[in-house]
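For reference, the structure is listed below as structure tokens.
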Amino acid sequence: MSVPNNSLFLSVLGITHTVNMLILNKTAGVFFKPSRRKIYAFLGSFHFHPGKLFLHKLVLGIETSCDDTAAAVVDEAGNVLGEAIHSQTEVHLKTGGIIPPVAQQLHRENIQRIVQEALSASEVSPSELSAIATTIKPGLALSLGVGLSFSLQLVDQFKKPFIPIHHMEAHALTIRLTNKVEFPFLVLLISGGHCLLALVRGVSDFLLLGKSLDIAPGDMLDKVARRLSLIKHPECSTMSGGKAIEHLAKQGNRLHFDFQPPMQRAKNCDFSFSGLQHVIDKMIMQKEKEEGIEQGQVLSSAADIAAAAQHTVACHIAKRTHRALLFCKQRGFLRQSNTVLVVSGGVASNLYIRKALEIVTSATQCTLLCPPPRLCTDNGVMIAWNGVERLRAGLGILHNTEGIRYEPKCPLGVDISKEVGEAAIKVPRLKMKI
């Protein structure tokens, strides 16, 4: 096929891209007609390569399940062609937590810009996409709704297949973008909203071994940070709760407080963090009385409490993960050698908890793998990659989106946690010297 005149080819590509972007703006309910000068400036911001054709699959991923508005374009080889993200962390830090209607409004204000930025960075127009993948479960209902509504309008406008994504499946499969990991493997997903252990047997084939019975570890650490008023600590004022705990814990002595790990008698892989949070709250109240300070002031023992709380959470997570590894090997679900444990989610970036898990993998001859920190937290890349995985496997690709709904609560895979509990595997005691 002959390549047209370069300047003409550039113009055609640029006009196509501009038209697509105008439609994108209309999709967001913000249709505008730019001046000729703006059109030329817009065209000049792209570096098209005449004759370059996309012969492989390209997926746009959109993520709005909680408080991050994110989008990315990824190809089937795992190349991230473009990405963009808008974090709401600063806003929610001021309010002391995520307020769903506020998160929803911020998603609405930013989604069109973020998708546009990801597409612009990738030099891919919507018409060149193979599919659009979007998180539809689980998450905050109001947040999920923004991403789904915007995506469905794009799908309808550009006549593209739609791939609904399970948020936790995306976290679990991210490691296959960054590392060569074959199925099966064990995954531990730990974040501010989730905590679970699952055996990953395929792209959409999961066996759920255990989950949190109440709150997630990230949520618990955030609440402890708020109760300790760490936002008023000069070193932690701009950090999220979990980051503040990890930072301050380095200066503390965990041995000054003795918090017991939860569920020590339960021989399963489930987690619990609300009881531990209650115990820590009582201790903080007691120390406030001893130091004669009001709630809202920073305790002199805050670093020690942070260190003890983090250590107890790490030990609890490590023990349940240890049991899951032993169970899977005992049942033949995982190979005896070359076993892989993948840890992902926002809390996976906590290096102290990661070191606790390294002690477990060392004792069980396993390999611990974590995506890079920027891919552990919510992002558009993992959604696009999950879309690529499903596109290649021919799983869950919709050409008709009628009746598609978001699901704020949705389990991952087949729940065999009862079977794990019935096995009652005793976990050898490990020295958690971190």
Side-chain angles (χ1 to χ4, degrees), residues 61 63-70 72 83 85-93 96-98 100 103 106-107 135 137-140 143-144 147 165-175 177-178 187-198 211-212 214-226 230-231 236 238-249 271 273 276-277 306 309-310 313-314 316-318 320-321 341-357 368-383 385-386 412:
E63 156 65 23
T64 64
S65 68
C66 190
D67 61 338
D68 288 317
T69 312
E83 62 176 309
I85 188 167
H86 177 267
S87 175
Q88 302 177 8
T89 301
E90 197 174 322
V91 173
H92 298 306
L93 270 176
I98 298 170
L106 290 171
H107 282 307
T135 307
K137 59 187 176 184
L140 298 177
S143 294
L144 288 168
I165 299 295
H166 191 298
H167 186 76
M168 307 316 291
E169 178 179 302
H171 270 306
L173 298 178
T174 302
I175 198 68
L177 171 71
T178 58
V187 68
L188 168 67
L189 300 178
I190 42 177
S191 68
H194 307 278
C195 183
L196 62 86
L197 279 159
K211 63 183 185 300
S212 176
D214 35 66
I215 61 175
D219 186 23
M220 187 218 121
L221 292 172
D222 284 346
K223 286 175 178 174
V224 171
R226 281 202 296 275
L230 295 190
I231 197 167
C236 306
T238 60
M239 297 179 182
S240 65
K243 287 290 181 187
I245 292 287
E246 183 179 10
H247 175 79
L248 206 58
F271 304 84
F273 298 96
L276 175 60
Q277 183 208 327
Q310 179 178 251
V313 168
H316 180 46
I317 290 172
R320 316 317 271 186
T321 304
L341 167 67
V342 172
V343 184
S344 191
V347 178
S349 60
N350 182 301
L351 296 181
Y352 191 92
I353 291 173
R354 200 179 287 194
K355 285 175 183 174
L357 291 165
L368 175 65
L369 294 177
C370 302
R374 72 180 189 88
L375 295 181
C376 279
T377 51
D378 294 350
N379 60 87
V381 173
M382 71 179 194
I383 306 305
W385 175 249
N386 196 169
L412 179 68

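The basis for the numbers below is simple: all heavy atoms, side chains too, and nothing from hydrogens, waters or symmetry mates. Computed from a predicted structure; not experimentally measured.
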### Query
How far apart are the C-alpha atoms of T178 and W385, what are their side-chain angles, what is the distance that settles it, and do they pass the side-chain contact (heavy atoms from CB on, under 4.5 Å) test?
CA-CA 10 Å; T178 58; W385 175 249; over 6 Å; no
### Task
Taking all heavy atoms of I245 and all of L221, pick out the closest pair and write down the distance.
CG1-O, 3.6 Å
### Task
Would you sort out whether E169 and N386 count as a side-chain hydrogen bond (donor to acceptor under 3.5 Å, both in side chains), showing the intermediate values?
CA-CA 8 Å; E169 178 179 302; N386 196 169; 2.9 Å; yes
### Query
Taking atom CG of D67 and atom OG of S87, what is their separation to the nearest 0.5 Å?
6.0 Å
### Query
Say you draw a straight line from CD1 of I383 to CD1 of I165; how long is it, rounded to the nearest 0.5 Å?
6.0 Å
### Message
A side-chain contact here means heavy atoms from C-beta on lying under 4.5 Å apart; do M382 and L375 qualify?
### Response
no
### Query
When the ring planes of H316 and F271 are compared, do they come out parallel, tilted or perpendicular, using 30° and 60° as the limits?
perpendicular
### Interatomic distance, Q310 atom CD to M220 atom CE [nearest 0.5 angstrom]
10.0 Å
### Message
Quick check against the 3.5 Å criterion: does N379 have a side-chain atom that pairs as donor or acceptor with the backbone of V381?
### Response
yes
### Task
Specify the closest pair of heavy atoms between P371 and C376, including all atoms of both residues, with the distance to one decimal.
O-SG, 3.3 Å
#### Entry: Closest contact, heavy atoms only, A216 versus G193
CB-C, 3.6 Å
#### Entry: S212 side chain vs D214 backbone, donor-acceptor pair below 3.5 Å
yes
### Message
Is it the case that the side chain of T64 and the backbone of G147 share a donor-acceptor pair, with hydrogens and angles ignored and the cut-off at 3.5 Å?
### Response
yes
### Query
Within the distance-only criterion (no hydrogens, no angle test), does the side chain of Q88 pair as donor or acceptor with the backbone N or O of A103 below 3.5 angstrom?
yes
### Query
Between D219 (side chain) and G192 (backbone), is there a donor-acceptor pair under 3.5 Å?
no
### Message
For the OG atom of S191 and the CE atom of M168, what is their distance to the nearest 0.5 Å?
### Response
5.0 Å
## Note on the structure
When every non-hydrogen atom of G346 is compared with those of T377, the smallest separation belongs to CA-CG2, 4.0 Å
### Task
Just do the side-chain hydrogen bond (donor to acceptor under 3.5 Å, both in side chains) check on H167 and D378 with the steps written out, would you?
CA-CA 9 Å; H167 186 76; D378 294 350; 3.0 Å; yes
### Task
With side-chain contact (heavy atoms from CB on, under 4.5 Å) as the test, would you mind laying out the steps for T135 and H166 before giving the verdict?
CA-CA 6 Å; T135 307; H166 191 298; over 6 Å; no
#### Entry: Qualifying residues under ring pair (Phe, Tyr, Trp, His ring centres under 6.0 Å), relative to H107, sequence neighbours excluded
none
### Message
Are the side chains of I317 and P217 in contact, using a 4.5 Å heavy-atom criterion?
### Response
yes
### Query
Given L188 and V342, is the side-chain contact (heavy atoms from CB on, under 4.5 Å) satisfied, shown in steps?
CA-CA 6 Å; L188 168 67; V342 172; over 6 Å; no
### Query
How about L106 and T69: do any of their side-chain heavy atoms sit closer than 4.5 Å?
no
### Message
I need the minimum non-hydrogen distance between L248 and C236, along with the two atoms involved.
### Response
CD1-SG, 4.4 Å
### Task
Mind checking the CD1-CG spacing from I190 to L196? Nearest 0.5 Å is all I need.
10.0 Å
### Query
How would you list, by chain and number, every residue that makes a salt bridge (charged side-chain N to carboxylate O under 4.0 Å, His left out) with E246, sequence neighbours excluded?
none
### Task
Heavy atoms only: give me the nearest I353-A314 pair and the separation to one decimal.
CG1-CB, 3.9 Å
#### Entry: Check against side-chain contact (heavy atoms from CB on, under 4.5 Å), N350 and R354
CA-CA 6 Å; N350 182 301; R354 200 179 287 194; over 6 Å; no
### Task
May I ask you to decide whether D222 forms a salt bridge with R226, counting only side-chain N to carboxylate O separations under 4.0 Å?
no
### Any residue meeting salt bridge (charged side-chain N to carboxylate O under 4.0 Å, His left out) with K243, in chain and number order, not counting sequence neighbours
none
### Query
Does S143 use its side chain to pair, donor to acceptor, with the backbone of C66 at less than 3.5 Å?
yes
### Message
Looking at A170, is its backbone amide N or carbonyl O close enough to the side chain of T174 to form a donor-acceptor pair, meaning the two atoms are under 3.5 Å apart?
### Response
yes
